[in-house]
2 protein chains.
Amino acid sequence: MPRKQLFREFLTRKGLKSTRQREIILDEFLHCATHPSTEEFYLGLREKNPRIGYATVYRTLKLFAECGIAAARNFGDGQTRYESTTTEEHHDHLICRGCGAILEFEDDRIERLQSEVARKHGFVIEKHRLELYGLCGNCAGN
Amino acid sequence: MPRKQLFREFLTRKGLKSTRQREIILDEFLHCATHPSTEEFYLGLREKNPRIGYATVYRTLKLFAECGIAAARNFGDGQTRYESTTTEEHHDHLICRGCGAILEFEDDRIERLQSEVARKHGFVIEKHRLELYGLCGNCAGN
DNA sequence: GTATTTTTGAAAACGATTTTCATTGTTGGA
DNA sequence: TCCAACAATGAAAATCGTTTTCAAAAATAC
């Protein structure tokens, strides 16, 4: 249940090793409340750990996604963002093109309609992606 | 109203020129029923027009998007797909991870709920993206 | 037609990400 | 505890999709 442990068990299961770098990256990742791009994340990490390599961060974030404690996102700016997956409900995003703010939301009614649509087309859904792009209250001038 | 004319007017308005290549690419694009990646599209084009350049195709597809007769899509495989925008309703996608099939759908109820969610967060939506990933009937073995 | 300006295609550049490779670190036994 | 085996690291090079550069060619304006 604790996310750190989930990742450690994942490593063991896969015959991978627990390293100082992976622990550092895991800590930073779990304490990250925003949606930084991989580069932003790397730069943040580097302030405290100047000797950590770019490639290691990329590799480790991919491991997080494989393990299931992270999910890769892509909001159209050509950069991947990894987001900590919670045990809670799936959520979607509101993205402000003015200030770049990223808000999360969830709506069961939308999820149910999605399932219905998929069923109607004979699909079995494994995951979905819903993003609303526009202007937040501030940027829209309200 | 005719899409070809829309693009020609767009060119004139922008002080751009109508060229043989742009006409060829426009024709191919308008006759394309599927969702090819830019590379697939280029390869298809090339069969009939071996002398056309990669860069020209990229540039022209971007012009289509700017003009409004096309919309860029990205289904997570790192490649951009341009899709002909119809004058009809906006639509979303079902993507089969088995065979790569891409189905289109639309659902007003989902659209309405999206607007509601945005409003609740003070957002003004400009566009949205909804993609359902999973297995189509065939690939799911039904 | 001719001048002006844009477009083209090939190749180089680009930015994000991945891979390579020699070195270092980790781990599960002797 | 030490060692052998193997995985992980970091720096640099490679890769992939896309964009830009640049000289030559084509399109429009005059």
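Proteins come first, then strands; the chains are lettered A, B, ... in the order of their sequence lines, and each starts at number 1.
Every residue two or more places apart in sequence or in another chain was checked for a ring-ring contact (aromatic ring centres under 6.0 Å, His included) with Phe10(B), and none qualifies.
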Evaluation steps, ring-ring contact (aromatic ring centres under 6.0 Å, His included), between His93(B) and Phe105(B): CA-CA 6 Å; His93(B) 294 91; Phe105(B) 72 90; 7.9 Å; no
side-chain hydrogen bond (donor to acceptor under 3.5 Å, both in side chains) between Glu131(A) and Tyr133(A), worked out: CA-CA 6 Å; Glu131(A) 290 144 22; Tyr133(A) 297 87; 2.6 Å; yes
CA sep, side-chain torsions, deciding dist, call: Phe64(B), Phe7(B), ring-ring contact (aromatic ring centres under 6.0 Å, His included): CA-CA 7 Å; Phe64(B) 292 169; Phe7(B) 184 60; 4.8 Å; yes
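In this structure, Thr80(A) reaches the sugar-phosphate backbone alone: every heavy-atom distance under 4.0 Å involves primed, P, OP1 or OP2 atoms, never a base. Using a 4.0 Å heavy-atom distance criterion, Ser18(B) is classed as a sugar-phosphate-only contact.
With a cutoff of under 4.0 Å to any heavy atom of chain A, the contacted region of DNA chain D is bounded 5' to 3' by dC6(D) to dA11(D).
Between the NZ atom of Lys17(B) and the P atom of dT4(C) there is a distance of 12 Å, given to the nearest Å. Atom pair Glu39(A):CD and dG15(C):P shows a separation of 10 Å (rounding to whole Å applied). Rounding to whole angstrom units, CZ of residue Arg22(A) and P of dT27(C) are separated by 10 Å. The distance between atom CG of Leu43(A) and atom P of dA16(C), rounded to the nearest whole Å, is 11 Å. Computed from coordinates, the Leu45(B) CG to dT8(C) P distance equals 12 Å when rounded to whole Å. Summarising the geometry, the separation between CG on Leu11(B) and C1' on dT5(C) is reported as 15 Å, rounded to the nearest angstrom. Counting to the nearest Å, the C1' atom of dT6(C) and the CD atom of Glu23(B) are 16 Å from each other. Regarding Arg8(A), its CZ atom lies at a distance of 14 Å from the P atom of dT26(C), rounded to whole Å.
Nearest-nucleotide mapping onto DNA chain C: of Thr19(A) and Asp77(A), the residue sitting toward the 5' end is Asp77(A). Nearer the 5' end of DNA chain C, as judged by each residue's closest nucleotide, is the contact made by Leu16(B), out of Arg81(A) and Leu16(B). In terms of position along DNA chain D, the nucleotide closest to Gln21(A) lies nearer the 5' end than the nucleotide closest to the other residue of the pair Gln21(A) and Gln79(B).
The residues Glu83(B) and Arg81(B) are annotated as not salt-bridged, no charged nitrogen and carboxylate oxygen being separated by less than 4.0 angstrom. Under the 4.0 Å criterion applied to side-chain N and carboxylate O atoms, Lys48(B) and Glu28(B) are not assigned as salt-bridge partners. Between Lys4(A) and Asp27(A), at least one side-chain nitrogen of the basic residue sits less than 4.0 Å from a carboxylate oxygen of the acidic one, meeting the salt-bridge criterion.
Side-chain atoms of Asp107(A) come within 3.5 Å of backbone atoms of Arg109(A) as a donor-acceptor pair (strictly under, hydrogens ignored).
Using a 30° and 60° split on the angle between ring planes, Tyr42(A) and Tyr54(A) fall in the parallel class, below 30°.
Residues of residues 53-69 of chain B having a heavy atom closer than 4.0 Å to DNA chain C, listed by number: Gly53(B), Ala55(B), Thr56(B), Arg59(B).
Phosphate proximity of dT26(C) to Arg20(A): absent, as no side-chain N or O sits under 4.0 Å from OP1 or OP2.
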